[in-house]
Amino acid sequence: MKKVTIFNTIHFVFTALVLAMATTAFGSEPGITSAPYGEFEGQPVTRFTLTNEHGMVAEIIDYGGIVVSLKTPDRDGNMDDVVLGYDDFSGYENDKSYMGAVAGRYANRIAKGKFSIDGQRFQLATNNSPNHLHGGVRGFDKRLWKSTVATPNEHPQLKLEYLSADGEEGYPGNLQVTMTYTLTEKNELKIEYRATTDKPTLCNLTHHSYWNLGGSASKSILDHQLQFYCDKFTPVDETSIPTGELQAVKGTPFDFTAAKSIGQHIEADDPQLKLGRGYDHNFVITGEAGTLRAVARVSEEKTGRVMELLTTDVGVQFYTGNFLDGTVTGRNGQPFAHRSAICLECQRFPDSPNRADFPSAVLRPGEVYEKTTVYRFSAQ
Ligand code: BGC
């Protein structure tokens, strides 16, 4: 009897040790877990932790569909965060930079918040004087979404749904939106968007993470290498509204068709760089819209981390964190420093509702808005 008890104890201690070692070496088990993250307008906010079989971990909350944290391995297998973020919910609630969030109903700018569909005029909220930006005063980034978790083919997946009411921020039509975040076995964060409406409206959704592949201690993205599969961009006026021209990048600081460091030409004497205070421009993605294709490849030399971006959409806003100025404090007491991260926002071109020659962002009853964007991580 005594022998059995001693054996059981040794067996228990051994099993606990093996489990503890496995957890340390490989992080937590693949799957999806959830925990309370705060409260918004009397409703609980939940954080979902998605872990894949390689130990890559994404933390996403049901408020704004925000990617709070995304940890990927460097070339030595060390996991670190590749997105900027805050310590807790109050940071996201007060945030004005769309940190890690979905932007919508119309991501990017609409001149003076005005547009018409079928001859009917609409006035949207203007929150980026004089224009409408990222959905208005209270866009999709400041809304609580309904969540459902799943693990299809063993891949952790979070589905978020939101019904944007007719008239919200000035938009016509009830828009039913679904976003599905999946962490795949290829170390990809895949975001699938779907929306339907009951009146003709606009729909243009994007993801607004601030990326720094150097990890949480990295303070600048100027030495990141960037390659864009884009040979044109849309120059802007002094309020960041496109002039309508599709300008070739060749011979300009906007030429990333061969990989170069982000900092190489950012201070060049160029009128467009002056207007954006750096890069804050929409690039025209080559290839066929609607097919998932490569947009960009970003790499960081010290850690070896690589991020490849793919989308089915037509444009990508390249923003070099020009308006981050160190006045807001993020995770672990670190201020968000000037140009300490980049945003790569797959989207319709800015102000497309007022440009008949730009691909349309109009969604009509009976149609389905569908879009996929993939952020794929590796190390070299
Ligand atoms: C825009 C920037 C803006 C930033 C945060 C980006 O998508 O292009 O102009 O400052 O979002 O609002």
Side-chain angles (χ1 to χ4, degrees), residues 64-67 83-86 91-113 124-142 169 191 193 202 204-212 221 226 228 230 233-243 254 262 266 272-285 295-296 298 309 311 313-328 330 335-352 358 361 371 373 375:
I66 296 171
V67 175
V83 293
L84 300 192
Y86 297 96
Y92 293 99
E93 207 180 358
N94 297 316
D95 172 74
K96 294 187 173 54
S97 316
Y98 304 87
M99 190 70 50
V102 54
R105 194 179 290 203
Y106 192 93
N108 215 306
R109 293 174 175 83
I110 297 175
K112 301 193 172 83
L124 301 174
T126 52
N127 57 324
N128 187 248
S129 187
N131 303 318
H132 176 87
L133 173 68
H134 293 330
V137 175
R138 192 172 162 208
F140 289 2
D141 58 302
K142 293 275 185 268
E169 300 295 315
I191 310 179
Y193 305 83
L202 301 177
N204 175 36
L205 308 176
T206 197
H207 178 66
H208 210 287
S209 268
Y210 284 73
W211 306 99
N212 186 320
I221 39 73
L226 170 67
F228 264 139
C230 305
F233 77 107
T234 50
V236 291
D237 68 13
E238 55 289 341
T239 70
S240 289
I241 293 294
T243 59
F254 291 77
I262 292 173
I266 202 166
Q272 282 299 315
L273 283 176
K274 292 228 155 55
L275 286 171
R277 301 208 218 161
Y279 297 103
D280 192 3
H281 293 79
N282 169 68
F283 285 65
V284 180
I285 305 167
V295 178
V298 193
L309 172 62
T311 193
D313 217 329
V314 294
V316 59
Q317 184 82 6
F318 173 41
Y319 170 56
T320 41
N322 311 315
F323 299 109
L324 300 180
D325 58 6
T327 55
V328 178
F336 297 130
H338 187 52
R339 295 184 180 153
S340 58
I342 53 168
C343 298
L344 292 168
E345 307 149 54
C346 299
Q347 60 182 8
R348 285 293 190 262
F349 303 168
D351 200 32
S352 70
F358 283 180
K371 153 175 171 164
T373 297
Y375 298 89

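Residues: numbered from 1 along the sequence shown. All values derive from a computational prediction rather than experimental measurement. Both ligands and their constituent atoms are indexed starting at 1 by order of listing.
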Region of Y210 that comes within reach of ligand 1 [heavy atoms, distance under 4.0 Å]: side chain

Neighbour count above 12 (heavy atom, 6.0 Å) for K142 NZ: yes

May I ask you to identify the nearest protein heavy atom to atom 9 (O) of ligand 1, giving residue, atom name and distance to one decimal place in Å? D280 OD2, 2.5 Å

Considering the options N128, N282, T239, which one meets the side-chain contact (heavy atoms from CB on, under 4.5 Å) requirement together with R109? N128

Can you pull out the closest protein heavy atom to atom 4 (C) of ligand 1? Residue, atom name and distance to 0.1 Å, please. Y319 CE2, 3.8 Å

For atom 11 (O) of ligand 1, the protein heavy atom that lies nearest, with its residue and separation: H208 NE2, 2.9 Å

Any chance the side chains of N204 and R105 put a donor and an acceptor closer than 3.5 Å? no

Backbone, side chain, both or neither: what part of H281 comes under 4.0 angstrom of ligand 1, heavy atoms only? neither

Partner of R339 under side-chain contact (heavy atoms from CB on, under 4.5 Å), picked from D325, L324, I266, is I266

Interfacing atoms of ligand 1 (cut-off 4.0 Å, heavy-atom, Q317): 8 (O)

Give me the atom names and distance for the closest heavy-atom approach of H134 to D141. O-OD1, 4.3 Å

Which ligand 1 atoms are under 4.0 Å away from a heavy-atom of H134? 6 (C), 7 (O), 11 (O)

Here the atoms of ligand 1 under 4.0 Å from any heavy atom belonging to E345 are 6 (C), 7 (O)

For M99, is there any backbone N or O sitting under 3.5 Å from a side-chain donor or acceptor partner on Y92? no

Close aromatic pair by centroid cut-off 6.0 Å: F323 and F336: no

So if I count the atoms of ligand 1 from 1 in the order they appear, which ones are less than 4.0 Å from some heavy atom of F323? 9 (O), 10 (O)

